[in-house]
Trainee: 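Handing you a structure now.
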Amino acid sequence: MDFREFDELASHREAACAWVEAHVRPEWVEEQRRSGTHQTAELHTLLARDGILAADWAPEYGGSGVDPGFARAVFDELGRRGLASDGWSTTSMVLRTIEHVGTEEHKREYIPAALRGDALIALGYSEPDSGSDVAAAKTTAVRDGDEWVINGQKMFTSTAQLCSHVFVLARTSPAVPKQKGLSMFLVPTDSAGYDIQPIHTLGGQRTNATFYADVRVPDSARLGGVDGGWGVMHVALVHERSASSPGSDGGSLVRDLAAWARTARRPDGTTVLDDPLAAERIGRMAVDEEVTRLLALRDRWRVQKGDLPGVEGSMWKLFATEAAQRHSSDILDILGPEGVLAPDAAGAPANGRFEEGFRAAVVGTIYGGTSEILREIIAERHLKLPRNR
């Protein structure tokens, strides 16, 4: 692939900026921060109305004529302004999974509804006793005629408070090895017996525990074969860890740090950037950001070729989140006491983004697969090392 420096979205950025200026309300950023819900319903409605959600999808499934480059530029601009679309990110992951493994009926039922903005899908994988070992799921689905009865509990079901469905991994055959007895279901959140409780995280995001007490879904809600859920899960996890998923990273903390360091004065009148040790640390952060960008480009290139970037997505996610933790720690060292000023504190550098970024980075290595799990995937599937357990 070609790693030459160029801005593939340059032709779209002016139009994307104009779209955001015309439609986005500044108070949405503060509302996402205050509530911990990283999805804004009004914004999502606008993105659906103007065909931005439907860019890069086939017309028979509700795809629009909007240029995918423009759509990506809009999400980039939203990220630069501090607006996230986590609910749409998880929905896109599930839609791409449906595209790969779903029936034609699944594709025509779920994809157009999501592209119209009528459906959002949360991820129901992790459980209280198993965490990243999602194959150890204890939530059960028992067949009853043409229906399945689901009982159990899921953790870290982020954005479920706004979603129409949860993508639930459930055990359908308890007597076989754990990875062979699982099935996947799309469970409507208005089902009888479904409940939700909020969980507020260190990073400021609200996630949820979701509960299933004799929840009934039709067999048509099953994605993949009976006991074939692990294969569906593999496809879903590839898309979850893909750097090409829509969403936003909120912009570059390193860029904001460098801007602060150029103007912040020390008692002797020099700037922070005049200190060669500080300058070196900022430079190393910039190198890490460039490596993260290149790994993301490789991931996107694989997707554009029609491949599933399994190991590549794990590499990108592992490096990006581990680097974010290193950067956040270094940033607080460089800033000193000012670095822990929260967004609502007077005089907080970069409006408190450094303190906020530190808290978010702490949990970043857990979302979408812990660093330990990703290292195992890379070791086994890329380096061909034996399983360590």
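Please read these numbers as outputs of a predicted model, since none were measured by experiment.
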Trainee: Tell me whether Glu355 contacts the main-chain N or O of Ala342 through its side chain, where contact means a donor paired with an acceptor under 3.5 Å.
Mentor: no

Trainee: Is there side-chain contact between Leu169 and Val232, with at least one heavy-atom pair below 4.5 Å?
Mentor: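 No - every pair of side-chain heavy atoms lies 4.5 Å or more apart.
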
Trainee: Can you list the steps and then say if Thr139 with Gln153 is a side-chain hydrogen bond (donor to acceptor under 3.5 Å, both in side chains)?
Mentor: CA-CA 6 Å; Thr139 295; Gln153 177 183 351; over 6 Å; no

Trainee: Looking only at non-hydrogen atoms, find the nearest pair between Ala361 and Ser328 and report the distance.
Mentor: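 Looks like CB-OG, 3.6 Å.
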
Trainee: Near His200 NE2, under 6.0 Å, is it more than 12 heavy atoms from other residues, nucleotides or ligands?
Mentor: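 Buried by this count: over 12 neighbours within 6.0 Å.
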
Trainee: Above 12 or not: heavy atoms from other molecules or residues under 6.0 Å from NZ of Lys138?
Mentor: no

Trainee: Between His106 (side chain only) and Thr103 (backbone N and O only), is there a donor and an acceptor less than 3.5 Å apart?
Mentor: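 Here the side-chain-to-backbone pair exists.
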
Trainee: Would you tell me whether Asp227 and Ser173 have side-chain atoms, one donor and one acceptor, within less than 3.5 Å of each other?
Mentor: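 Yes, side-chain donor-acceptor contact under 3.5 Å.
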
Trainee: Give the ring-plane orientation class for His44 versus Trp88, where under 30° counts as parallel, over 60° as perpendicular and anything between as tilted.
Mentor: tilted

Trainee: State which residues pass side chain to side chain contact (heavy atoms under 4.5 Å, CB included) with Pro349; sequence neighbours excluded, sorted by chain then number.
Mentor: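 By the side chain to side chain contact (heavy atoms under 4.5 Å, CB included) rule, Pro349 matches Trp260, Leu335, Glu338, Leu341, Phe354.
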
Trainee: I'd like to know whether CG of Asp146 has more than 12 heavy-atom contacts from other residues, nucleotides or ligands below 6.0 angstrom.
Mentor: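 Check fails, neighbour count at 12 or below.
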
Trainee: Looking only at non-hydrogen atoms, find the nearest pair between His12 and Ala73 and report the distance.
Mentor: CB-CB, 3.8 Å

Trainee: Sequence neighbours left out, what passes side chain to side chain contact (heavy atoms under 4.5 Å, CB included) with Glu147? Give chain and number order.
Mentor: Arg216

Trainee: Any side-chain donor paired with an acceptor under 3.5 Å for Asp268 and Thr270?
Mentor: yes

Trainee: Is it the case that the side chain of Arg171 and the backbone of Ala135 share a donor-acceptor pair, with hydrogens and angles ignored and the cut-off at 3.5 Å?
Mentor: yes

Trainee: Using distance alone, with no hydrogens and no angle criterion, decide if Asn351 and Glu356 have a side-chain donor and acceptor under 3.5 Å apart.
Mentor: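 Their side chains do not contain a donor-acceptor pair, so the 3.5 Å distance test is not met.
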
Trainee: Counting only heavy atoms not in Arg206, do more than 12 sit closer than 6.0 Å to its CZ atom?
Mentor: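 Above 12, so yes.
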
Trainee: Hey, quick one: are Phe185 and Ile98 part of the same hydrophobic cluster, counting side-chain heavy atoms closer than 4.5 Å, chains of contacts allowed?
Mentor: no

Trainee: Determine yes or no for a side-chain-to-main-chain donor-acceptor pair under 3.5 angstrom, with Arg143 supplying the side chain and Gly145 the backbone.
Mentor: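 Indeed, once roles are kept as given, a pair shorter than 3.5 Å links the two residues.
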
Trainee: Please tell me whether Asp274 and Thr271 have a donor and an acceptor in their side chains that are separated by less than 3.5 angstrom.
Mentor: yes

Trainee: Given Glu280 and Arg284, is the salt bridge (charged side-chain N to carboxylate O under 4.0 Å, His left out) satisfied, shown in steps?
Mentor: CA-CA 6 Å; Glu280 180 184 4; Arg284 288 184 182 277; 3.2 Å; yes

Trainee: Inspect the surroundings of CG in Asp330 and state if more than 12 heavy atoms from other residues, nucleotides or ligands are less than 6.0 Å away.
Mentor: yes

Trainee: Starting from the C-alpha separation in whole Å, work towards a yes-or-no answer on ring-ring contact (aromatic ring centres under 6.0 Å, His included) for Tyr194 and Phe211.
Mentor: CA-CA 6 Å; Tyr194 170 86; Phe211 303 88; 8.9 Å; no

Trainee: Without hydrogens or angle criteria, can the side chains of Gln161 and Thr37 be said to hold a donor-acceptor pair below 3.5 Å?
Mentor: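 Yes, because at least one side-chain N or O of Gln161 sits under 3.5 Å from a partner of the opposite role on Thr37.
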
Trainee: State yes or no: are the ring centers of His23 and Trp19 separated by less than 6.0 Å?
Mentor: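 Between Trp19 and His23, which both carry aromatic rings, the centre distance is below 6.0 Å.
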
Trainee: Taking the side chain as every heavy atom from C-beta outward, state whether Thr157 and Val166 have any pair of such atoms under 4.5 Å apart.
Mentor: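 Yes, their side chains come closer than 4.5 Å.
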
Trainee: Is a side-chain donor-acceptor pair under 3.5 Å present for Thr97 with His100?
Mentor: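 No - no donor-acceptor pair under 3.5 Å links their side chains.
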
Trainee: State, with a plain yes or no, whether a side-chain heavy atom of Phe167 is found less than 4.5 Å away from one of Tyr125.
Mentor: yes

Trainee: Do Thr40 and Glu31 have side-chain N/O donor and acceptor atoms under 3.5 Å apart?
Mentor: no

Trainee: To the nearest 0.5 Å, what is the distance between OG1 (Thr159) and NE2 (His38)?
Mentor: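 The NE2 atom of His38 is 8.5 Å from OG1 of Thr159, to the nearest 0.5 Å.
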
Trainee: Is Val101 reachable from Val134 through a run of I, L, V, M, F, W or Y residues, each pair having side-chain heavy atoms under 4.5 Å apart?
Mentor: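 They do share one cluster, since a chain of ILVMFWY contacts under 4.5 Å joins Val134 to Val101.
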
Trainee: Compare all side-chain heavy atoms of Asp299 with those of Met315 and state whether any distance is below 4.5 angstrom.
Mentor: no

Trainee: Taking all atoms of both residues into account, what is the closest heavy-atom pair of Arg116 and Ala48, and its distance?
Mentor: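 Looking at all heavy atoms of both residues, the closest pair is O-CB, 3.4 Å.
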
Trainee: Decide whether Val187 and Ile121 are clustered together by the hydrophobic rule: side chain heavy atoms of Ile, Leu, Val, Met, Phe, Trp, Tyr closer than 4.5 Å, transitively.
Mentor: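 In one cluster with Val187: Ile121, no.
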
Trainee: Under a plain distance cut-off of 3.5 Å, with no hydrogens placed, do Tyr61 and Glu104 share a side-chain donor-acceptor pair?
Mentor: yes

